[in-house]
> 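The structure that follows is given in the form of structure tokens.
Lettering of chains follows the sequences in order, A, B, ..., and the numbering in each one begins at 1.
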Protein chains: 2
Amino acid sequence: MEAQSPRARRRGRPPKCAEGGRETRELLLRAGLEALTEKGFAATGIDEVLRRVGVPKGSFYHYFESKEAFGIELIEHYGAYFVRKLERHLTDESLPPLERLQAFIAEAQAGMVKYEYRRGCLIGNLGQEMGALPESFRARLNGVFADWQARVARCLSEAQAAGEISELANCDQLAAFFWIGWEGAVLRSKLERNSDALKIFADGFLTGLLCR
Amino acid sequence: MEAQSPRARRRGRPPKCAEGGRETRELLLRAGLEALTEKGFAATGIDEVLRRVGVPKGSFYHYFESKEAFGIELIEHYGAYFVRKLERHLTDESLPPLERLQAFIAEAQAGMVKYEYRRGCLIGNLGQEMGALPESFRARLNGVFADWQARVARCLSEAQAAGEISELANCDQLAAFFWIGWEGAVLRSKLERNSDALKIFADGFLTGLLCR
DNA sequence: GAAGATATTAGACCGATCGTCTATTAAATA
DNA sequence: TATTTAATAGACGATCGGTCTAATATCTTC
């Protein structure tokens with residue numbers, strides 16, 4: 001007895017290598033991301049995040065000023081992570097522009113399947129919760145959407161230049177349309193626990209692109 | 001002193017007419033709807049709902065078995081309320097089918113404006129929160145979507161019969177597409193506090209309808 | 001119209017959560 | 001080695017959410 005978990009019962013700064021490489025701060029962000037994409041901000045407690053990682057509470061407020069600050073950082077973190085994923089596809093010169101977008105959609109779909117439709121989009125989740133969130137979140141969330149949208153718009157412009165879609169199409173508007181609908185599709189997909197909504201939206205969007 | 005609020009300090013069943021006509025239960029549902037469309041389920045406390053109506057806590061558990069039961073009832077309540085709104089437009093024989101849908105969209109948009117984009121769609125809100133909600137909610141939420149979707153599909157079929165949209169269109173799929181995207185638009189609209197997303201989605205959807 | 005039965009309210013209660021604070025100890029520094 | 005700094009441990013108070021028990025007005029019935 002007295003054993004407890006390996007970390008328990010021992011206060012103070014831990015041995016350097018005990019962390020196994022990954023920093024505690026990173027672990028907290030990762031666990032927070034998982035929790036928030038599943039359950040949102042309000043429904044996720046700090047304690048729960050800490051428990052997942054096996055870190056005691058005291059540490060949290062060493063790394064983050066407050067839950068709000070933690071949330072803000074998660075938004076940036078996730079936004080940037082998603083931009084990388086997006087750009088990896090959208091700038092893939094080996095494919096024609098429209099197929100790049102399709103490749104991104106396919107990966108995003110696979111991501112939903114991977115977590116059995118339990119996790120959604122952090123930005124969408126928090127947007128829905130906005131009514132109960134610190135106002136400081138609003139601008140960041142909008143900023144992330146604006147960024148994502150601009151990148152899709154650029155890709156659509158390239159599709160236009162390549163003659164894949166009509167000269168008449170308004171790429172900015174179409175990109176906005178894409179993200180509006182995609183977030184809706186993620187939401188439904190999470191609710192129904194299948195890919196139907198993702199497929200229906202992706203199909204409909206691409207069909208709509210071609211006949212303008 | 002000793003005055004307090006008119007209701008305070010007096011336990012037991014209150015005088016009959018004190019209610020002013022509206023039943024307490026109705027008031028709770030109404031206030032709950034407001035709160036949940038703004039902030040979601042998890043972020044809304046019973047206390048807060050009660051405070052809005054000026055009813056003490058004890059009453060709540062007389063009318064509802066639990067917060068969960070309250071939520072379920074709100075879903076039904078809201079689902080039915082929305083079906084009435086939807087049907088009022090979709091069965092309006094004085095307009096051609098497609099314009100009926102547009103009329104519904106216009107009213108829904110006006111609703112968002114009316115509450116300054118603070119309130120969203122209860123069903124969408126709860127869907128997003130599903131990860132933190134009682135499983136019992138899932139089936140109900142899906143049921144409501146299925147209902148709404150079937151009604152829009154019927155309207156689209158009528159549009160098809162009237163020659164407003166192509167014979168080739170798959171009305172069920174289009175109706176699904178509509179609700180997927182509309183929920184996304186409401187979310188964005190709430191986040192950005194303007195109608196841009198609603199307009200972009202509605203325009204894009206209708207344009208897409210016509211060129212199939 | 002008195003005596004239960006029922007509907008409805010008042011608010012105590014317990015547990016969870018948030019953010020803070022102090023104590024403790026490993027590492028870095030000089 | 002002595003001192004400072006980084007990081008963790010976990011108790012604590014305040015608040016709040018959800019549930020439950022007690023109290024009381026009205027209804028019912030004879």
Side-chain angles (χ1 to χ4, degrees), chain A residues 2-29 31-32 35-36 39-72 132-134, chain B residues 2 4-29 31-32 35-36 39-74 129 132-134:
Chain A
E2 258 306 331
Q4 295 274 60
S5 118
R7 304 182 76 128
R9 284 302 110 178
R10 274 180 58 210
R11 323 179 105 194
R13 186 170 180 167
K16 181 65 168 294
C17 53
E19 212 55 80
R22 273 216 208 97
E23 307 288 354
T24 299
R25 194 188 154 82
E26 279 291 319
L27 288 175
L28 288 174
L29 285 173
L36 291 214
K39 325 195 323 178
F41 188 80
T44 302
I46 301 292
D47 276 335
E48 186 195 328
V49 174
L50 292 165
R51 226 176 301 124
R52 285 201 200 201
V53 185
V55 163
K57 202 169 213 172
S59 303
F60 185 88
Y61 286 90
H62 174 65
Y63 291 109
F64 306 98
E65 198 182 341
S66 63
K67 194 190 182 187
E68 176 171 345
F70 183 60
I72 294 278
L133 258 41
Chain B
E2 257 306 327
Q4 295 274 62
S5 119
R7 303 182 76 129
R9 286 297 114 178
R10 274 180 57 209
R11 321 180 107 195
R13 185 169 178 167
K16 181 65 169 295
C17 54
E19 212 54 81
R22 272 216 207 98
E23 307 287 353
T24 300
R25 193 188 154 85
E26 279 292 318
L27 288 174
L28 289 173
L29 285 172
L36 292 214
K39 324 195 328 179
F41 188 80
T44 301
I46 302 291
D47 272 336
E48 189 196 326
V49 174
L50 292 165
R51 227 176 299 125
R52 287 201 200 200
V53 186
V55 163
K57 205 168 207 173
S59 303
F60 185 86
Y61 287 89
H62 172 65
Y63 293 108
F64 307 98
E65 199 182 340
S66 62
K67 196 190 183 190
E68 175 171 347
F70 184 60
I72 294 277
E73 203 146 332
L74 278 179
E129 280 188 273
L133 258 39

> Can you give one letter per nucleotide of nucleotides 15-21 of chain C, going 5' to 3': B for a protein heavy atom under 4.0 Å from the base, S for sugar-phosphate only, - for none?
---BBB-
> Would you say B/His62 reaches C/dT8's phosphate, i.e. side-chain N/O to OP1/OP2 under 4.0 Å?
yes
> Report the distance from atom CZ of B/Phe64 to atom C1' of D/dC20, rounded to the nearest whole Å.
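One finds 18 Å between C1' of D/dC20 and CZ of B/Phe64, rounded.
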> Enter the distance from A/Tyr61:OH to A/Ile46:CD1 here, rounded to the nearest 0.5 Å.
4.5 Å
> Under 4.0 Å between a side-chain N/O of A/Thr24 and OP1 or OP2 of D/dT8, yes or no?
yes
> Please name all residues satisfying salt bridge (charged side-chain N to carboxylate O under 4.0 Å, His left out) with B/Glu65, sequence neighbours left out, ordered by chain then number.
none
> Between atom OG1 of A/Thr24 and atom OH of A/Tyr63, what is the distance when rounded to the nearest 0.5 Å?
4.0 Å
> Got a second to check how far A/Thr44's OG1 is from A/Lys67's NZ, nearest 0.5 Å?
6.5 Å
> Which pair of non-hydrogen atoms, one from A/Ala31 and one from A/Val49, has the smallest distance, and what is that distance?
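That closest heavy-atom pairing would be CB-CG1, 4.0 Å.
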> Measure the shortest side-chain to side-chain distance between A/Phe64 and A/Leu29 over non-hydrogen atoms and say whether it is less than 4.5 angstrom.
yes
> Is any side-chain N or O of A/Tyr63 closer than 4.0 Å to OP1 or OP2 of D/dA6?
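Checking A/Tyr63 against D/dA6: no side-chain N or O falls below 4.0 Å of OP1 or OP2.
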